[in-house]
Amino acid sequence: MSNIGRLLDLESIRLDESAGDWRAAITCAGRLLERQGAISGDYTRAMISSVEENGPYIVVAPGFAFAHARPSEAVHRTAMSWVRLAHPVEFGHAANDPVTLVVALSADDPKAHMRAMRDLATLLGSPETRAALDRAATPEEVLSLLTQDAPARGPEATTTREAAPATAAPAVTEAATEPATGAATESRNKILTVCGNGLGTSLFLKNTLEQVLDHWGWSSYLTVEATDTISARGKAKEADFILTSGEIARALGDVGVPVKVIENFTSTTELDAAMRELYDV
């Protein structure tokens, strides 16, 4: 069974559901998990509270919201639900609204959901697969598309740009924080991806970034760590820079290292461009 297939079943997929606003959309996704016994209602309410407190950072790609909250006693098992909306809903995200797809995650097994999220990020990052999912007529068709082998994917940008040369010592471009110098500093060999909980969207971003690093041949030189806002403040100076959403970047403030806002967490093209800007490539 595929990684996604272990977490998502047919009873947790709903197509063309009506939701009056973003809270109703998250509630719909949460109730599917509740009915499967994966969570209690407290977790659904926590997913809504997370957006109320941190903003629409869960809208990680155009039209796609990845709802989740911190692990708690309200989580009974790791599971996923899938809700395609009949009508788009505004979450308040400047770049990725309106939302037509809400996926909710409950997690009590980090390894299981990390593998599934890597596959999901790859599948949703493929325009062809995303279009097929938007057209799917039945839950069975959705599950079949999601449990296929994830397409191998490097940065879309490499159709016109070469991969970065492999090097044992990536250099951080000082221009990221001090445009006047243009100098480069020695890498700390770590990148942080950050979200409100360190559980969902930061892992989505980590997975897409690792695809870029694999394509560049830099995976053995750089560690990517997904973390939450609180931990990121303490870990920031261990890293070259932080990648996150606009909402979380504002919440972090000045942490002593560059903070780069990423709009589409499934886009290897955007991550490729960010890496070229932040490193001496």
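- Using a cutoff of 4.0 Å between basic side-chain nitrogens and carboxylate oxygens, K190 and E225 are scored as salt-bridged.
- The ring-ring contact (aromatic ring centres under 6.0 Å, His included) pairs that include a residue from residues 125-145 number zero, where partners must be two or more places apart or lie in different chains.
- Not counting sequence neighbours, the partners of A236 by the side chain to side chain contact (heavy atoms under 4.5 Å, CB included) test are I242, V255, V257.
- Sorted by first and then second residue, the side-chain hydrogen bond (donor to acceptor under 3.5 Å, both in side chains) pairs involving residues 79-106 (not counting sequence neighbours) are D16-R84.
- R14 contributes no side-chain N or O that, together with a main-chain N or O of L32, makes up a donor-acceptor pair within less than 3.5 Å.
- Among residues at least two apart or in separate chains, ring-ring contact (aromatic ring centres under 6.0 Å, His included) pairs with a member in residues 232-271 are F241-Y279.
- Residue pairs meeting the side-chain hydrogen bond (donor to acceptor under 3.5 Å, both in side chains) criterion with at least one member in residues 34-47, sequence neighbours excluded: E34-T44, D42-R45.
- The closest side-chain donor-acceptor pair between S12 and D9 falls under 3.5 angstrom.
- A side-chain hydrogen bond (donor to acceptor under 3.5 Å, both in side chains) check over residues 248-264, counting only residues at least two apart or in different chains, returns the pairs K260-E277, N264-T266.
- Here R31 pairs with nothing under the salt bridge (Lys or Arg N to Asp or Glu O under 4.0 Å) rule; sequence neighbours left out.
- Remark: R23 engages E52 in a salt bridge (Lys or Arg N to Asp or Glu O under 4.0 Å) (not counting sequence neighbours).
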Would you be so kind as to tabulate the donor-acceptor pairs closer than 3.5 Å made by side chains of residues 135-145, with sequence neighbours excluded?
from, atom 1, to, atom 2, distance (Å)
T138, OG1, E141, N, 3.1
E141, OE1, A137, N, 3.0

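- Between L252 and T229, the shortest heavy-atom distance links the atoms CD2-O, 3.7 Å.
- Among residue pairs with one or both ends in residues 200-218, those qualifying as salt bridge (charged side-chain N to carboxylate O under 4.0 Å, His left out) are R118-E210, R118-D214, K206-E210; sequence neighbours excluded.
- Annotation: side chain to side chain contact (heavy atoms under 4.5 Å, CB included) contacts of S231 (sequence neighbours excluded): T227, D228, K235.
- Within the structure, the salt bridge (charged side-chain N to carboxylate O under 4.0 Å, His left out) test picks out no pair touching residues 57-69 (sequence neighbours left out).
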